[in-house]
2 protein chains.
Amino acid sequence: MRIGKLAQRAGTRAKTLRFYEKQGLLPPADRTPSGYRDYEPDAVNRIDFIHRGQAAGLTLAQIRQILDIRDSGSSPCEHVRNLLDARLCEIEQQIAQLTALHDSVVALRDAAADPAPATCDPGLVCRYL
Amino acid sequence: MRIGKLAQRAGTRAKTLRFYEKQGLLPPADRTPSGYRDYEPDAVNRIDFIHRGQAAGLTLAQIRQILDIRDSGSSPCEHVRNLLDARLCEIEQQIAQLTALHDSVVALRDAAADPAPATCDPGLVCRYL
DNA sequence: CTTGACCTTCCCCTGTACTGGAAGGTCCAG
DNA sequence: CTGGACCTTCCAGTACAGGGGAAGGTCAAG
(Lines give C-alpha, C1' and ligand atoms only; values in the text may rest on other atoms or scores of the structure.)
Protein backbone atom coordinates (compact mmCIF):
# COMPACT_ATOMS: atom_id res chain seq x y z
CA MET A 1 0.00 0.00 0.00
CA ARG A 2 1.31 3.42 -0.91
CA ILE A 3 1.39 6.36 1.43
CA GLY A 4 -1.71 8.12 0.11
CA LYS A 5 -3.85 5.04 0.59
CA LEU A 6 -2.51 4.45 4.07
CA ALA A 7 -3.15 8.06 4.99
CA GLN A 8 -6.71 7.79 3.74
CA ARG A 9 -7.35 4.61 5.70
CA ALA A 10 -5.85 6.08 8.85
CA GLY A 11 -7.74 9.32 8.46
CA THR A 12 -4.73 11.54 7.97
CA ARG A 13 -2.47 12.80 5.17
CA ALA A 14 0.59 11.60 3.39
CA LYS A 15 2.50 14.65 4.52
CA THR A 16 1.75 13.85 8.13
CA LEU A 17 2.92 10.25 7.76
CA ARG A 18 6.25 11.40 6.29
CA PHE A 19 6.51 13.78 9.22
CA TYR A 20 5.85 10.93 11.67
CA GLU A 21 8.50 8.83 10.00
CA LYS A 22 11.02 11.66 10.26
CA GLN A 23 10.12 12.06 13.95
CA GLY A 24 10.69 8.37 14.60
CA LEU A 25 7.04 7.49 15.25
CA LEU A 26 6.88 5.27 12.21
CA PRO A 27 9.74 2.98 11.17
CA PRO A 28 11.30 3.76 7.80
CA ALA A 29 8.93 2.21 5.27
CA ASP A 30 9.90 -0.40 2.72
CA ARG A 31 10.31 0.99 -0.75
CA THR A 32 9.11 -0.18 -4.15
CA PRO A 33 11.79 -0.43 -6.86
CA SER A 34 10.88 3.08 -7.94
CA GLY A 35 11.32 4.51 -4.46
CA TYR A 36 7.72 4.76 -3.30
CA ARG A 37 7.01 3.91 0.33
CA ASP A 38 5.21 0.57 0.55
CA TYR A 39 3.25 -0.28 3.70
CA GLU A 40 1.77 -3.44 5.15
CA PRO A 41 -1.96 -3.20 5.89
CA ASP A 42 -1.36 -3.32 9.64
CA ALA A 43 0.59 -0.07 9.52
CA VAL A 44 -2.76 1.55 10.07
CA ASN A 45 -2.81 0.10 13.60
CA ARG A 46 0.27 2.01 14.58
CA ILE A 47 -1.21 5.24 13.27
CA ASP A 48 -4.43 4.56 15.12
CA PHE A 49 -2.39 4.11 18.26
CA ILE A 50 -0.74 7.47 17.68
CA HIS A 51 -4.19 9.01 17.30
CA ARG A 52 -5.41 7.41 20.52
CA GLY A 53 -2.38 8.73 22.32
CA GLN A 54 -3.09 12.20 20.98
CA ALA A 55 -6.72 11.89 22.04
CA ALA A 56 -5.43 11.18 25.56
CA GLY A 57 -3.50 14.43 25.36
CA LEU A 58 -0.04 12.91 25.00
CA THR A 59 2.55 14.70 22.90
CA LEU A 60 4.15 13.01 19.92
CA ALA A 61 7.37 12.77 21.92
CA GLN A 62 5.57 10.85 24.67
CA ILE A 63 3.87 8.58 22.18
CA ARG A 64 7.22 7.92 20.61
CA GLN A 65 8.59 6.89 24.01
CA ILE A 66 5.86 4.27 24.32
CA LEU A 67 6.43 3.07 20.79
CA ASP A 68 10.20 2.85 21.37
CA ILE A 69 9.68 0.72 24.49
CA ARG A 70 7.29 -1.54 22.60
CA ASP A 71 9.67 -1.73 19.63
CA SER A 72 12.54 -2.70 21.92
CA GLY A 73 10.54 -5.82 22.82
CA SER A 74 9.37 -4.93 26.32
CA SER A 75 5.97 -4.03 27.58
CA PRO A 76 5.29 -0.31 27.91
CA CYS A 77 2.46 -0.82 30.42
CA GLU A 78 4.12 0.73 33.44
CA HIS A 79 5.43 3.64 31.43
CA VAL A 80 1.95 4.23 30.04
CA ARG A 81 0.49 4.22 33.53
CA ASN A 82 3.07 6.80 34.64
CA LEU A 83 2.40 8.98 31.61
CA LEU A 84 -1.33 8.83 32.17
CA ASP A 85 -0.92 9.70 35.84
CA ALA A 86 1.29 12.65 35.00
CA ARG A 87 -1.14 13.72 32.31
CA LEU A 88 -4.00 13.62 34.80
CA CYS A 89 -2.14 15.94 37.16
CA GLU A 90 -1.50 18.35 34.31
CA ILE A 91 -5.13 18.30 33.24
CA GLU A 92 -6.31 18.93 36.76
CA GLN A 93 -3.95 21.87 37.11
CA GLN A 94 -5.05 23.27 33.77
CA ILE A 95 -8.70 22.99 34.76
CA ALA A 96 -8.01 24.73 38.07
CA GLN A 97 -6.15 27.54 36.30
CA LEU A 98 -8.85 27.95 33.69
CA THR A 99 -11.55 27.99 36.35
CA ALA A 100 -9.76 30.75 38.24
CA LEU A 101 -9.29 32.65 34.99
CA HIS A 102 -12.96 32.14 34.20
CA ASP A 103 -13.99 33.68 37.49
CA SER A 104 -11.77 36.70 37.09
CA VAL A 105 -12.89 37.28 33.49
CA VAL A 106 -16.52 37.05 34.62
CA ALA A 107 -15.79 39.74 37.19
CA LEU A 108 -14.15 41.91 34.54
CA ARG A 109 -16.98 41.41 32.08
CA ASP A 110 -19.59 42.23 34.71
CA ALA A 111 -17.73 45.43 35.48
CA ALA A 112 -17.59 46.15 31.75
CA ALA A 113 -21.36 45.62 31.47
CA ASP A 114 -21.86 48.35 34.05
CA PRO A 115 -23.39 51.39 32.39
CA ALA A 116 -21.59 54.76 32.21
CA PRO A 117 -18.74 53.96 29.84
CA ALA A 118 -18.34 57.72 29.36
CA THR A 119 -16.45 58.00 32.61
CA CYS A 120 -13.32 56.39 31.14
CA ASP A 121 -10.15 58.13 32.19
CA PRO A 122 -8.06 58.71 29.05
CA GLY A 123 -4.91 58.17 31.10
CA LEU A 124 -5.88 54.62 32.00
CA VAL A 125 -6.29 53.11 28.50
CA CYS A 126 -9.41 51.29 29.66
CA ARG A 127 -11.09 51.27 33.02
CA TYR A 128 -12.11 47.66 32.57
CA LEU A 129 -8.65 46.20 32.57
CA MET B 1 14.24 56.77 32.12
CA ARG B 2 16.17 54.15 30.19
CA ILE B 3 14.79 50.82 29.12
CA GLY B 4 16.37 48.74 31.88
CA LYS B 5 14.91 50.93 34.60
CA LEU B 6 11.47 50.89 33.00
CA ALA B 7 11.62 47.13 32.68
CA GLN B 8 12.54 46.82 36.34
CA ARG B 9 9.68 49.07 37.42
CA ALA B 10 7.18 47.24 35.25
CA GLY B 11 8.40 43.85 36.38
CA THR B 12 9.70 42.68 33.03
CA ARG B 13 12.88 42.86 30.94
CA ALA B 14 14.40 45.26 28.47
CA LYS B 15 14.35 42.59 25.81
CA THR B 16 10.62 42.15 26.25
CA LEU B 17 9.97 45.88 25.98
CA ARG B 18 11.90 46.09 22.69
CA PHE B 19 9.83 43.15 21.52
CA TYR B 20 6.61 44.95 22.51
CA GLU B 21 7.73 48.04 20.62
CA LYS B 22 8.46 46.00 17.52
CA GLN B 23 5.02 44.37 17.84
CA GLY B 24 3.35 47.77 18.04
CA LEU B 25 2.23 47.48 21.66
CA LEU B 26 4.48 50.32 22.74
CA PRO B 27 4.97 53.46 20.64
CA PRO B 28 8.52 54.06 19.37
CA ALA B 29 10.33 55.58 22.32
CA ASP B 30 12.09 58.92 22.30
CA ARG B 31 15.83 58.66 22.04
CA THR B 32 18.67 60.34 23.88
CA PRO B 33 21.34 61.97 21.68
CA SER B 34 23.33 58.77 21.91
CA GLY B 35 20.45 56.64 20.72
CA TYR B 36 19.21 55.16 23.98
CA ARG B 37 15.45 54.81 24.43
CA ASP B 38 14.17 57.41 26.89
CA TYR B 39 10.79 56.84 28.58
CA GLU B 40 8.41 59.01 30.56
CA PRO B 41 7.55 57.62 34.00
CA ASP B 42 3.95 56.90 32.97
CA ALA B 43 5.15 54.41 30.36
CA VAL B 44 4.89 51.89 33.15
CA ASN B 45 1.08 52.25 33.09
CA ARG B 46 0.88 51.01 29.55
CA ILE B 47 3.00 48.00 30.40
CA ASP B 48 0.84 47.29 33.44
CA PHE B 49 -2.18 47.38 31.16
CA ILE B 50 -0.55 44.85 28.88
CA HIS B 51 0.07 42.63 31.89
CA ARG B 52 -3.53 42.93 33.03
CA GLY B 53 -4.70 41.99 29.56
CA GLN B 54 -2.46 38.94 29.62
CA ALA B 55 -3.78 38.01 33.05
CA ALA B 56 -7.25 38.05 31.49
CA GLY B 57 -6.01 35.59 28.90
CA LEU B 58 -5.90 38.00 25.98
CA THR B 59 -3.22 37.56 23.33
CA LEU B 60 -0.77 40.34 22.59
CA ALA B 61 -2.57 40.86 19.27
CA GLN B 62 -5.86 41.44 21.08
CA ILE B 63 -4.26 43.78 23.58
CA ARG B 64 -2.73 45.69 20.71
CA GLN B 65 -6.19 46.10 19.17
CA ILE B 66 -7.42 47.72 22.38
CA LEU B 67 -4.38 49.95 22.55
CA ASP B 68 -4.78 50.95 18.91
CA ILE B 69 -8.39 51.96 19.51
CA ARG B 70 -7.40 53.95 22.55
CA ASP B 71 -4.48 55.55 20.68
CA SER B 72 -6.78 56.55 17.85
CA GLY B 73 -8.67 58.67 20.37
CA SER B 74 -11.80 56.63 20.88
CA SER B 75 -12.94 54.59 23.81
CA PRO B 76 -12.20 50.85 23.54
CA CYS B 77 -14.90 49.94 26.08
CA GLU B 78 -17.26 48.13 23.75
CA HIS B 79 -14.43 46.30 22.05
CA VAL B 80 -13.10 45.21 25.44
CA ARG B 81 -16.53 43.90 26.42
CA ASN B 82 -16.71 41.91 23.20
CA LEU B 83 -13.22 40.53 23.68
CA LEU B 84 -14.00 39.51 27.25
CA ASP B 85 -17.23 37.84 26.16
CA ALA B 86 -15.45 35.94 23.42
CA ARG B 87 -12.70 34.99 25.84
CA LEU B 88 -15.26 33.66 28.29
CA CYS B 89 -16.74 31.40 25.64
CA GLU B 90 -13.30 30.10 24.78
CA ILE B 91 -12.48 29.43 28.42
CA GLU B 92 -15.74 27.59 28.95
CA GLN B 93 -15.13 25.45 25.89
CA GLN B 94 -11.59 24.71 27.02
CA ILE B 95 -12.81 23.70 30.46
CA ALA B 96 -15.46 21.44 28.94
CA GLN B 97 -12.89 19.81 26.64
CA LEU B 98 -10.42 19.34 29.46
CA THR B 99 -13.10 17.87 31.71
CA ALA B 100 -14.05 15.36 29.04
CA LEU B 101 -10.38 14.58 28.50
CA HIS B 102 -9.94 14.17 32.24
CA ASP B 103 -12.73 11.63 32.43
CA SER B 104 -11.40 9.58 29.56
CA VAL B 105 -7.87 9.63 30.93
CA VAL B 106 -9.17 8.51 34.31
CA ALA B 107 -10.87 5.61 32.58
CA LEU B 108 -7.66 4.73 30.75
CA ARG B 109 -5.58 4.97 33.90
CA ASP B 110 -7.99 2.79 35.84
CA ALA B 111 -7.79 0.20 33.11
CA ALA B 112 -4.01 0.50 33.26
CA ALA B 113 -4.07 -0.08 37.02
CA ASP B 114 -5.87 -3.36 36.43
CA PRO B 115 -3.57 -6.27 37.26
CA ALA B 116 -2.49 -8.80 34.62
CA PRO B 117 -0.31 -6.66 32.40
CA ALA B 118 1.20 -9.86 31.06
CA THR B 119 -1.74 -10.36 28.74
CA CYS B 120 -0.61 -7.56 26.42
CA ASP B 121 -1.01 -8.45 22.78
CA PRO B 122 2.26 -7.67 21.01
CA GLY B 123 0.31 -6.69 17.93
CA LEU B 124 -1.51 -3.89 19.71
CA VAL B 125 1.46 -1.82 20.95
CA CYS B 126 -0.32 -1.32 24.27
CA ARG B 127 -3.64 -2.61 25.47
CA TYR B 128 -4.21 0.55 27.48
CA LEU B 129 -4.42 2.93 24.59
C1' DC C 1 1.90 9.59 -26.34
C1' DT C 2 0.11 12.43 -23.27
C1' DT C 3 -2.42 13.72 -19.33
C1' DG C 4 -3.36 13.67 -14.60
C1' DA C 5 -2.86 11.59 -10.26
C1' DC C 6 0.40 10.18 -7.34
C1' DC C 7 4.98 9.92 -5.40
C1' DT C 8 9.92 11.73 -3.99
C1' DT C 9 13.06 15.17 -1.41
C1' DC C 10 13.94 19.77 -0.02
C1' DC C 11 13.42 23.92 2.51
C1' DC C 12 10.74 27.40 4.46
C1' DC C 13 6.35 28.99 6.87
C1' DT C 14 2.54 29.06 10.38
C1' DG C 15 1.33 31.13 15.51
C1' DT C 16 2.71 32.56 20.41
C1' DA C 17 5.64 35.17 23.33
C1' DC C 18 9.48 35.71 24.01
C1' DT C 19 14.92 34.44 24.81
C1' DG C 20 19.94 34.05 23.55
C1' DG C 21 23.85 35.68 21.65
C1' DA C 22 27.05 38.34 18.63
C1' DA C 23 29.18 42.67 17.53
C1' DG C 24 29.55 47.02 18.74
C1' DG C 25 28.54 51.87 21.11
C1' DT C 26 27.94 54.69 25.70
C1' DC C 27 28.35 56.02 30.34
C1' DC C 28 30.17 56.40 34.92
C1' DA C 29 33.20 55.21 38.85
C1' DG C 30 37.73 54.60 40.38
C1' DC D 1 42.06 55.17 31.03
C1' DT D 2 40.06 51.08 31.95
C1' DG D 3 36.50 47.98 33.49
C1' DG D 4 31.93 46.83 33.92
C1' DA D 5 27.22 47.86 33.42
C1' DC D 6 24.25 49.36 30.32
C1' DC D 7 22.57 50.25 25.70
C1' DT D 8 22.00 49.47 20.33
C1' DT D 9 20.83 46.38 16.17
C1' DC D 10 20.20 42.07 13.93
C1' DC D 11 19.97 37.06 13.43
C1' DA D 12 18.39 32.90 15.08
C1' DG D 13 16.12 29.64 18.01
C1' DT D 14 12.62 27.70 21.48
C1' DA D 15 8.10 24.23 21.64
C1' DC D 16 4.29 22.04 18.99
C1' DA D 17 2.42 19.56 14.99
C1' DG D 18 2.42 19.86 10.97
C1' DG D 19 1.38 22.80 6.07
C1' DG D 20 2.87 25.01 1.51
C1' DG D 21 4.93 24.70 -2.48
C1' DA D 22 8.91 23.85 -5.75
C1' DA D 23 11.28 20.68 -8.83
C1' DG D 24 11.24 16.45 -10.46
C1' DG D 25 10.17 11.10 -11.00
C1' DT D 26 6.44 7.26 -11.80
C1' DC D 27 2.35 5.02 -13.13
C1' DA D 28 -2.06 3.78 -15.30
C1' DA D 29 -5.72 5.07 -18.46
C1' DG D 30 -7.28 6.77 -22.78
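Here the structure is a predicted model, which means the values were calculated and not measured. Letters go in sequence order (proteins before strands), and every chain restarts at 1.
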Rounded to whole Å, please give me the gap between [atom1] in [X] and [atom2] in [N].
{"X": "B:Leu26", "N": "C:dA17", "atom1": "CG", "atom2": "C1'", "value": "14 Å"}
{"X": "A:Gln62", "N": "D:dA17", "atom1": "CD", "atom2": "C1'", "value": "14 Å"}
{"X": "A:Glu90", "N": "D:dC16", "atom1": "CD", "atom2": "P", "value": "11 Å"}
{"X": "A:Leu25", "N": "D:dC16", "atom1": "CG", "atom2": "P", "value": "13 Å"}
{"X": "A:Leu17", "N": "D:dG18", "atom1": "CG", "atom2": "P", "value": "10 Å"}
{"X": "B:Tyr20", "N": "C:dT19", "atom1": "OH", "atom2": "C1'", "value": "13 Å"}

Answer yes or no: is there a donor N or O on one side and an acceptor on the other, between the side chain of [X] and the main chain of [Y], under 3.5 Å?
{"X": "A:Arg46", "Y": "A:Leu26", "value": "no"}
{"X": "A:Arg64", "Y": "A:Gln23", "value": "yes"}
{"X": "A:Arg37", "Y": "A:Met1", "value": "no"}
{"X": "A:Gln62", "Y": "A:Thr59", "value": "yes"}

> Once each nucleotide of nucleotides 5-16 of chain C is scored for protein heavy atoms under 4.0 Å, what B/S/- sequence comes out, 5' to 3'?
Replying inline: -BSBB-------

>> When you measure from the side-chain N and O atoms of B:Gln8 to the phosphate of D:dA5, is any distance below 4.0 Å, counting only OP1 and OP2?
In response: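 The answer is no; no side-chain N or O of B:Gln8 sits under 4.0 Å from OP1 or OP2.
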
> Hey, is the side chain of B:Thr16 poking within less than 4.0 Å of OP1 or OP2 on C:dT19, counting only N and O atoms?
Replying inline: yes

> Does the pair B:Arg87 and B:Glu90 meet the rule for a salt bridge (Lys or Arg N to Asp or Glu O under 4.0 Å), with working shown?
Replying inline: CA-CA 5 Å; B:Arg87 187 73 194 105; B:Glu90 286 174 18; 2.8 Å; yes

> Under 4.0 angstrom, heavy atoms only, what part of the nucleic acid is A:Gln23 near: base, sugar-phosphate, or nothing?
Replying inline: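 Nothing, no heavy atom under 4.0 Å.
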
>> Can you tell me if A:Glu40 has over 12 outside heavy atoms packed within less than 6.0 Å of its CD?
In response: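 Not buried by this count: 12 neighbours or fewer within 6.0 Å.
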
> Considering heavy-atom distances to DNA chain D, does A:Ser34 or A:Ile50 have its closest nucleotide positioned more toward the 5' end?
Replying inline: A:Ile50

